[in-house]
Colleague: 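I have a structure I would like to understand better, so I am pasting it below and will then ask my questions one at a time.
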Amino acid sequence: MHAFDVLADPVRRRILELLADGEMTAGAVADVVRAEFGISQPGVSQHLKVLRESGFATVRAEGARRLYAVDSGPLRDIDAWLDRFRRFWTPHLDALATELARGRRERRLGGTDETPRSTP
């Protein structure tokens, strides 16, 4: 399965978001996903299996528990693919950063664009 096919599913994207915050048990993942998407625990297990088999997640046993974590390999592949498109948004982000810095500098120096109000 292609990486974008894996990420096309909102449940799998949500699971990866959860795992990005740190390792989680399958049960904890299932609790969140069941509450948010209304799918069964076996359904969540199937999504975890897809993520594991496609390389997006790793699993390790700790006693009877299964702990899942993000595997960054496929994410690096996606990042490399996106590289050819960064030129479309990078200049806009650079311009935004410049404007934000300009605004911070003006506030720091006490300059504002507001016209002073006259008092009667």
Side-chain angles (χ1 to χ4, degrees):
M1 187 177 290
H2 189 274
F4 285 109
D5 294 327
V6 173
L7 296 180
D9 188 281
V11 173
R12 289 193 287 267
R13 285 195 311 270
R14 179 62 176 130
I15 291 171
L16 282 177
E17 289 171 358
L18 294 169
L19 297 178
D21 292 334
E23 200 172 50
M24 290 181 73
T25 64
V29 171
D31 289 344
V32 173
V33 173
R34 274 196 317 247
E36 292 180 7
F37 292 91
I39 63 175
S40 67
Q41 187 277 330
V44 175
S45 293
Q46 284 297 89
H47 285 292
L48 285 168
K49 180 180 177 183
V50 170
L51 289 169
R52 190 177 66 248
E53 289 178 350
S54 62
F56 280 92
T58 61
V59 63
R60 69 178 180 87
E62 186 177 88
R65 301 180 333 158
R66 298 292 173 257
L67 295 163
Y68 284 83
V70 170
D71 186 337
S72 62
L75 296 172
R76 284 191 301 269
D77 294 342
I78 289 171
D79 187 54
W81 184 85
L82 286 169
D83 247 358
R84 73 180 85 171
F85 301 100
R86 289 191 205 290
R87 65 185 168 94
F88 294 111
W89 66 77
T90 299
H92 300 290
L93 293 175
D94 291 344
L96 175 61
T98 299
E99 289 302 314
L100 291 172
R102 182 176 293 138
R104 282 192 299 270
R105 181 176 180 270
E106 287 176 4
R107 282 192 304 278
R108 189 176 62 244
L109 297 175
T112 64
D113 291 287
E114 294 180 31
T115 305
R117 294 183 186 168
S118 59
T119 55

Colleague: Does the side chain of His47 reach to within under 4.5 Å of the side chain of Asp9, using non-hydrogen atoms?
Modeller: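 His47 vs Asp9: side chains touch.
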Colleague: State, with a plain yes or no, whether a side-chain heavy atom of Leu7 is found less than 4.5 Å away from one of Arg12.
Modeller: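 No; the side chains remain at least 4.5 Å from each other.
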Colleague: Looking at every heavy atom in both Val70 and Ala20, which two are closest together, and how far apart are they?
Modeller: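 Looking at all heavy atoms of both residues, the shortest contact is CG2-N, 3.6 Å.
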Colleague: For a quick test of reading the model, state the closest non-hydrogen atom pair linking Arg87 to Arg84 and the distance between them.
Modeller: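 The pair with the smallest heavy-atom distance is NE-O, 3.7 Å.
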Colleague: Do you know which two heavy atoms are closest between Gly55 and Asp71, and how far apart they sit?
Modeller: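 Residues Gly55 and Asp71, closest heavy atoms: O-CB, 3.1 Å.
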Colleague: Would you indicate whether the side-chain heavy atoms of Phe37 and Arg14 approach each other to under 4.5 Å?
Modeller: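 Yes, close enough: below the 4.5 Å cut-off.
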Colleague: Between Arg13 and Ala8, which heavy-atom pair has the shortest distance, and what is it?
Modeller: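 That would be NH1-O, 3.0 Å.
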Colleague: What is the distance from atom CD of Glu23 to atom CZ of Arg65, rounded to the nearest 0.5 Å?
Modeller: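 Reported value, rounded in 0.5 Å steps: 8.5 Å.
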Colleague: So which heavy atom on Leu48 is nearest to which on Ala26, and how close?
Modeller: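 For Leu48 versus Ala26, the nearest heavy atoms are CD1-CB, 4.1 Å.
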Colleague: Less than 4.5 Å apart, any side-chain heavy atom of Met24 and any of Leu19?
Modeller: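 Met24 reaches Leu19 side chain to side chain.
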Colleague: Distance only, no hydrogens: is a donor on one side chain within 3.5 Å (strictly under) of an acceptor on the other, for Arg60 and Tyr68?
Modeller: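 Side-chain D/A pair, Arg60 to Tyr68: absent.
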Colleague: Are any non-hydrogen side-chain atoms of Val33 and Leu18 less than 4.5 angstrom apart?
Modeller: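 Yes; the side chains approach each other to less than 4.5 Å.
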Colleague: Quick one: do Asp79 and Leu75 satisfy side chain to side chain contact (heavy atoms under 4.5 Å, CB included)? Show the steps, please.
Modeller: CA-CA 6 Å; Asp79 187 54; Leu75 296 172; over 6 Å; no
Colleague: Nearest 0.5 Å, what's the CD-OG distance between Gln46 and Ser40?
Modeller: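 Between atom CD of Gln46 and atom OG of Ser40 there are 9.0 Å.
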Colleague: Using the six-membered ring wherever Trp is involved, compare the ring planes of Trp81 and Phe85 and label them parallel, tilted or perpendicular (cut-offs 30° and 60°).
Modeller: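 The rings of Trp81 and Phe85 sit tilted, inter-plane angle from 30° to 60°.
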Colleague: Please tell me whether Leu16 and Leu82 are part of a single hydrophobic cluster in this structure, the criterion being side-chain heavy atoms less than 4.5 Å apart.
Modeller: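 In one cluster with Leu16: Leu82, yes.
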Colleague: Using side-chain heavy atoms (C-beta onward) and a distance below 4.5 Å, is Ile78 in contact with Phe56?
Modeller: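 A side-chain contact exists here, since the closest heavy-atom pair is under 4.5 Å.
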Colleague: Looking only at non-hydrogen atoms, find the nearest pair between Arg76 and Ser72 and report the distance.
Modeller: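 Scanning both residues completely, I find the closest heavy atoms to be NH1-OG, 2.6 Å.
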